Amino acid sequence: MHVFLGLLITIGAFAASAVLESVAPPRGLANPAALTLLVLGPVGVTLFSHPFRSLRQNFAVVRRAFAHDRRRSLEHASREMGEVARAVREARWSDAEQTLAGAQGEQVKLLAPYLLERLEAEALHEAVASAAFGWMSEVKAADDLLQGLARYAPAFGMIGTIMGLVDLFENLDDSASLGPGMAMALLATLYGLVLCYCVYMPISQRVRTYLTNGAQEQRLVERAIHLVHQGRPVHDVRRAVVGDTSRPVQAVAVEGPRA
């Protein structure tokens, strides 16, 4: 279904662009034909390889990325892991479950529930690592989507430029018709570059920052989880989260838009 819809949107982008080129002439930097092609075209192509469920997950990641605050998230994680550690030391498992159910720290809510399953150390490590990898893969998928849109935008800008040039050459004998073709040729490239470097790439960078900060927080929360499992004091658990935030975490390698 998503492939059919993507094909329909892509074809519709070209058709709407051709119609608008004749009925909605450009005014200054506003060119409805080029804008329609550059907005709808990359979206239609993206739907070819991204099912609806995947798109919903990717947009949810983008929302979380813009809402994420690193300092506040670490403060929540430190406090909540301390409460969980205290409840576990006192065998108040129901209180620990309630704390995790209302946790505001994203990585605490994701990883700490495995602590309550009372697994052995090795099994706990594998479960936490698997959940952390799943989270990173989800965020990386959102970044890949935005990187794809950033690559498609200049490509459709070039397509629009070629379409404008073809229209211009077809009407060389009519000087009054040269303007729309030239406007389409130039503004399509402009729109493609603006969408790539002023919209898609900045959003992608925000997602990458979210990925890097989340990976660091995951490592700190995972260390705190193992300290709780070992029965270490509560203050050690809390310090494990907030006491080593300056050490950098290697970011996941991603490709930028290709020329």
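Just so you know, these numbers come straight off a predicted model, no measurement behind them. Values below: every heavy atom of this structure, side chains too, minus hydrogens, waters and symmetry copies.
With rounding to the nearest 0.5 Å, the separation of NE2 in His50 from CD in Gln57 is 11.0 Å. Note that the OG1 atom of Thr99 and the NZ atom of Lys109 stand 12.0 Å from one another [nearest 0.5 Å]. If you take CG on Leu111 and CD on Glu106, they are separated by 9.5 Å, rounding to the nearest 0.5 Å. Within the model, atoms CZ of Arg232 and NE2 of His235 stand 8.5 Å from one another, a figure rounded to the nearest 0.5 Å. In this structure, the separation between CG on Leu165 and CE on Met184 is 10.5 Å, given to the nearest 0.5 Å. Interatomic distance, Leu195 CG to Tyr197 OH, rounded to the nearest 0.5 Å: 12.5 Å.
Taking both residues in full, the closest heavy atoms of Met136 and Ala215 are given as CE-CB, 4.2 Å, listed atom of the first, atom of the second, then distance. Leu119 and Ala127 make their closest contact through CD1-CB, 4.2 Å (heavy atoms, listed as atom of the first residue, atom of the second, distance). Pairing each heavy atom of Gly41 with each of Ala13, the nearest pair is N-CB, 3.8 Å. Of all the heavy atoms in Gly160 and Leu37, the pair that sits closest is CA-CD2, 3.7 Å. Closest non-hydrogen pair, Thr10 versus Gly6, comes out as OG1-O, 2.8 Å. Across Leu100 and Val108, no two heavy atoms sit closer than the pair CD2-CG1, 3.7 Å.
Cluster membership check: Val3 does not share its hydrophobic cluster with Leu8, using side-chain heavy-atom separations under 4.5 Å among Ile, Leu, Val, Met, Phe, Trp and Tyr. Using a 4.5 Å cut-off between side-chain heavy atoms of Ile, Leu, Val, Met, Phe, Trp and Tyr, with links allowed through other members, Val228 and Val234 fall into different hydrophobic clusters. Hydrophobic clustering keeps Ile203 apart from Val43 (ILVMFWY residues linked when any side-chain heavy atoms are closer than 4.5 Å, directly or through intermediates). Hydrophobic clustering (ILVMFWY, side-chain heavy atoms < 4.5 Å, transitive): Phe4 and Phe48 are in distinct clusters. Side-chain heavy atoms closer than 4.5 Å link hydrophobic residues (I, L, V, M, F, W, Y) into clusters, and following such links, possibly through other members, connects Leu5 to Leu40.
No side-chain heavy atom of Met81 sits less than 4.5 Å from a side-chain heavy atom of Arg238. In this structure, the side chains of Tyr191 and Val39 stay at 4.5 Å or more apart for every pair of heavy atoms. Val242 places none of its side-chain heavy atoms less than 4.5 Å from the side chain of Leu220. Residues Tyr114 and Ile225 have side chains not in contact (no heavy-atom distance under 4.5 Å, counting atoms from C-beta outward). In this structure, Leu187 and Leu190 have side chains that are in contact, with non-hydrogen atoms separated by less than 4.5 Å. Put simply, the side chain of Asp236 reaches to within 4.5 Å of the side chain of Pro233, judged on heavy atoms. A 4.5 Å side-chain heavy-atom check between Gln218 and Val221 finds every atom pair outside the cut-off.
Between the side chains of Ser73 and Glu217, a donor-acceptor pair is found at a separation under 3.5 Å. If you check the side chains of Thr189 and Thr161, you find a donor sitting under 3.5 Å from an acceptor.
Listed for the Asn58 side chain is a donor-acceptor partner under 3.5 Å among the backbone atoms of Ser54.
Around CG of Leu29, the count of heavy atoms belonging to other residues, nucleotides or ligands within 6.0 Å does not exceed 12. By the neighbour-count criterion of 12 heavy atoms within 6.0 Å, atom CD of Glu117 is densely surrounded, having more than that number from other residues, nucleotides or ligands. Within a 6.0 Å sphere centred on CZ of Phe59, heavy atoms belonging to other residues, nucleotides or ligands number 12 at most. Heavy-atom contacts from other residues, nucleotides or ligands closer than 6.0 Å to CD of Gln230 number more than 12. The environment of Phe133 atom CZ is sparse: at most 12 non-hydrogen atoms of other residues, nucleotides or ligands sit within 6.0 angstrom.
Between His125 and His226, the distance separating the two ring centers is shorter than 6.0 angstrom.
The side chain to side chain contact (heavy atoms under 4.5 Å, CB included) with Ser204 is formed by just one residue from the set Leu146, Val199, Leu149, Asp144; it is Leu146. The side-chain hydrogen bond (donor to acceptor under 3.5 Å, both in side chains) test with Tyr210 singles out one residue from Arg64, His68, Arg70, and that residue is Arg64.
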Could you go step by step and tell me if Gln147 and Arg208 meet the side chain to side chain contact (heavy atoms under 4.5 Å, CB included) rule? CA-CA 11 Å; Gln147 290 291 312; Arg208 291 186 185 192; 3.0 Å; yes
Test side chain to side chain contact (heavy atoms under 4.5 Å, CB included) on Leu20 and Asn31; report intermediate values, then the result. CA-CA 9 Å; Leu20 289 172; Asn31 189 315; over 6 Å; no
Decide yes or no on side chain to side chain contact (heavy atoms under 4.5 Å, CB included) for Arg151 and Tyr200, but give the supporting numbers first. CA-CA 9 Å; Arg151 289 191 295 268; Tyr200 298 132; over 6 Å; no
Run Gln205 and Thr209 through side chain to side chain contact (heavy atoms under 4.5 Å, CB included) and show every step you take. CA-CA 6 Å; Gln205 184 58 49; Thr209 301; 3.7 Å; yes
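Between Glu83 and Arg79 there is a salt bridge, with a side-chain nitrogen of the basic residue lying less than 4.0 Å from a carboxylate oxygen of the acidic one. Between Lys140 and Asp143 there is no salt bridge, since no side-chain N of the basic residue sits under 4.0 Å from a carboxylate O of the acidic one.
Classified by interplanar angle (parallel below 30°, tilted 30° to 60°, perpendicular above 60°), the ring pair Phe14/Phe156 is tilted.
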